[in-house]
Undergrad: 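Sharing a structure below in structure tokens format, with a few things to ask.
The chains referred to below are lettered A, B, ... by the order of the sequence lines, with proteins before strands, and numbering in each begins at 1.
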Amino acid sequence: MALRKILVANRGEIAVRIIRAAQDLGLATVQVYSKADADMLAVRLADEAVEIGPAHPVKSYLKIDAILQAARDTGADAIHPGYGFLAENAGFAEAVEAAGLVFIGPTPETIRTMGDKAAARASAQAAGVPVVPGSDGVISDLATAPALAEAIGYPVMIKAAAGGGGRGIRVAQDADELATLLPQASQEARSAFGDGSLYLERFVPRARHVEVQVLGDGRTAVHLYERECSLQRRRQKVWEEAPARALPNDVRAALCASAVRLAEACHYRGAGTLEYLYDDASGEFFFIEMNTRIQVEHPVTEMVTGIDLVRAMIRIAGGEPLGLKQSDIVLRGHAIEVRINAEDAARDFMPNPGTVSGLTVPGGFGVRFDTMLYTGYTVPPFYDSLLGKLIVWDDTREGALLRLRRALAELQVEGLKTTVPLHMALARDPDVAAGRVHTRWLEGWLPTASFEGPSQGGAAP
Amino acid sequence: MAITTVACPLPGTFYRRPAPDQPPFKGEGDAVSVGDTLGLVEVMKSFTPVTAEIAGTIKQFHVEDEDAVMAGQPLLDIET
């Protein structure tokens, strides 16, 4: 069906991004908001706005009934979930469809399968996509562990099935270490989690995080090349690039082809991302998970392919065919995105909500700033700290890095502490310039970095 | 008998329990010692505990679990 009016079930910078894409298609827009978000930019930009509840997300942005009621009251015919909140909630996608509306994203079945780690891994294996070698579930008999570890390949990680967030993990370099660590791990898991179940997985000591963007219409899918997001703090990405320059061309081709196989196998509809670990040392890549939504870092892909991903999602949801062949997608130049968060980099990234007393937005060729900020806006403390994303593009990565330094120097967010000083320091770091990074690099680098002195510099040295 | 009001140290969301499926840290009438956790304030997904700086008995809570709170807002009264 041809869509006429889109309801945005999100907030912040992504709500602004979706409203702009919808308006670029000539569609009407409805923004829902919590009591704490009445003055947010997306509310100002949308044609209509509906308050759906108090500040707490459980009572507003996660409240399915209130969102569907807002859609009925305004006559919206489709809902875009953005990222976070209800974006990967299969029950929400089902409720939207049951209400006779269009969910701008994949089917509830795809969301459910890919949201289940074991099912996603099995789907990937069935599609011939390499996954991190592991024990495929808990080890039923610890006596079989040495043979399993041999097949997986050392170093292996011993993980507590009941653990999570990095807890209950040990690394064995060889069979001797495995014999020592296994009983310890089992005992610790029993006392810490009340469950001694363990599983094994290959440990990649210096992994890069690479991810492939796909677009599908439920029948065919294409890839839009990959991003590298290795610079992370507490598993949160802070800096993303496209393409991943560390990949040799043959690896890039194999990686992207594997993503298309999995996307087509699950009849993927809309924009999605397959996340992988890449091991520089061996040149191997391993599928970790699929995100069945638009991602924060999608603009770097848009900058190197020239394709508006959010607009493509809306068109596909409206029933248009993909309209893109793989050969239509040409990689051009290099893009870098840095996340501007309301956090004080000099004080262990303490959250720093407050009022924007002044704002200078960088501009010029190859510079894009996707943000929710305006002068006088008060950033509420109830949601995440992302204020915006500064994205730069140039023919080469070296040129993009220089442009990033220039744009960061122009960007002034007054009244709040932001992560601009972090990105200033990263943009001048020799390891970052050389691409000598991995997923744990940033956390090792932070204690050595200094963000003191003026937070906003002048011209780059 | 003196009443001390505990003010919220920073703006955010106030939680009276460590997790949704767990009992509150403290209820009205409970005794508190210095250093006891009275609640959590979530600011942009980062959690800061609110701890007791004096010993006494909780007289009254002024906010509910999951309420939006501002810096300086009274959270609860402790009778010493």
Side-chain angles (χ1 to χ4, degrees), chain A residues 11-13 33-40 51-63 83-85 164-165 233-238 296 339-345 347-355 372-373 378-388 415-419, chain B residues 4-30 32 34-54 58-78:
Chain A
R11 63 175 305 282
E13 69 85 24
Y33 63 96
S34 77
K35 208 175 268 300
D37 270 343
D39 58 352
M40 71 176 175
E51 187 186 305
I52 50 165
H56 200 283
V58 168
K59 299 167 187 162
S60 48
Y61 298 106
L62 294 171
K63 209 164 166 59
Y83 51 64
F85 296 125
R233 178 179 172 272
R234 297 189 180 167
R235 293 168 182 264
Q236 295 292 311
K237 299 163 187 168
V238 304
V296 174
R339 297 193 188 192
I340 310 300
N341 295 341
E343 294 169 9
D344 186 351
R347 292 176 65 198
D348 199 28
F349 297 88
M350 201 163 83
N352 201 267
T355 301
M372 64 196 276
L373 298 181
T378 298
V379 179
F382 312 113
Y383 310 105
D384 70 28
S385 60
L386 184 67
L387 301 173
L416 301 178
K417 300 274 193 207
T418 72
T419 48
Chain B
T4 301
T5 300
V6 178
C8 191
L10 63 182
T13 305
F14 186 69
Y15 294 94
R16 284 187 54 185
R17 40 187 93 229
D21 57 351
Q22 287 175 31
F25 291 107
K26 295 286 178 187
E28 289 170 0
D30 283 0
V32 291
V34 173
D36 280 1
T37 299
L38 304 171
L40 301 171
V41 182
E42 179 190 5
V43 189
M44 296 177 155
K45 308 209 167 170
S46 148
F47 291 83
T48 304
V50 178
T51 53
E53 289 174 2
I54 49 158
I58 296 185
K59 183 89 176 149
Q60 186 188 1
F61 272 90
H62 299 295
V63 289
E64 297 298 317
D65 191 39
E66 297 186 354
D67 268 3
V69 289
M70 302 312 293
Q73 182 176 339
L75 296 176
L76 65 148
D77 293 341
I78 297 176

Undergrad: Which residues pass the side-chain contact (heavy atoms from CB on, under 4.5 Å) test with B:K45, sequence neighbours left out?
TA: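 side-chain contact (heavy atoms from CB on, under 4.5 Å) check on B:K45 returns A:D384, B:E42.
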Undergrad: With a 4.5 angstrom heavy-atom cut-off, is it the side chain or the backbone of A:P54 that approaches chain B, or both, or neither?
TA: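 No part of A:P54 comes within 4.5 Å of chain B.
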Undergrad: What parts of residues 347-355 of chain A touch chain B if we use heavy atoms and a cut-off under 4.5 Å?
TA: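 Residues A:P351, A:N352, A:P353 are the ones that qualify, each having a heavy atom under 4.5 Å from chain B.
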Undergrad: Could you pull out the closest heavy-atom pair between A:S385 and B:M44, with the gap in Å?
TA: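 Closest pair (atom of A:S385, atom of B:M44, distance): CB-SD, 3.7 Å.
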Undergrad: Among residues 9-19 of chain B, which residues come closer than 4.5 Å to chain A, judged by heavy atom distances?
TA: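 So far as heavy atoms go, B:P11, B:G12, B:T13, B:Y15 are the residues that approach chain A to under 4.5 Å.
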Undergrad: Are more than 12 heavy atoms from other residues, nucleotides or ligands located less than 6.0 Å from atom NZ of A:K59?
TA: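 Atom NZ in A:K59 is crowded, with more than 12 foreign heavy atoms closer than 6.0 Å.
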Undergrad: Mark yes when over 12 heavy atoms from residues, nucleotides or ligands other than A:K417 sit less than 6.0 Å from its NZ; otherwise mark no.
TA: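 At most 12 heavy atoms, drawn from other residues, nucleotides or ligands, come within 6.0 Å of this atom.
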Undergrad: Which residues in residues 60-69 of chain B have any heavy atom closer than 4.5 Å to a heavy atom of chain A?
TA: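 Within residues 60-69 of chain B, the residues that come under 4.5 Å of chain A (heavy atoms only) are B:D65, B:E66, B:A68, B:V69.
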Undergrad: Is A:A342 in contact with chain B via its backbone, its side chain, both, or neither, using a 4.5 Å heavy-atom distance?
TA: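 For A:A342, the contact with chain B is made by backbone and side chain together.
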Undergrad: Please determine whether the number of non-hydrogen atoms from other residues, nucleotides or ligands lying under 6.0 Å from atom NZ of A:K63 exceeds 12.
TA: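 Atom NZ in A:K63 is not crowded, with 12 or fewer foreign heavy atoms closer than 6.0 Å.
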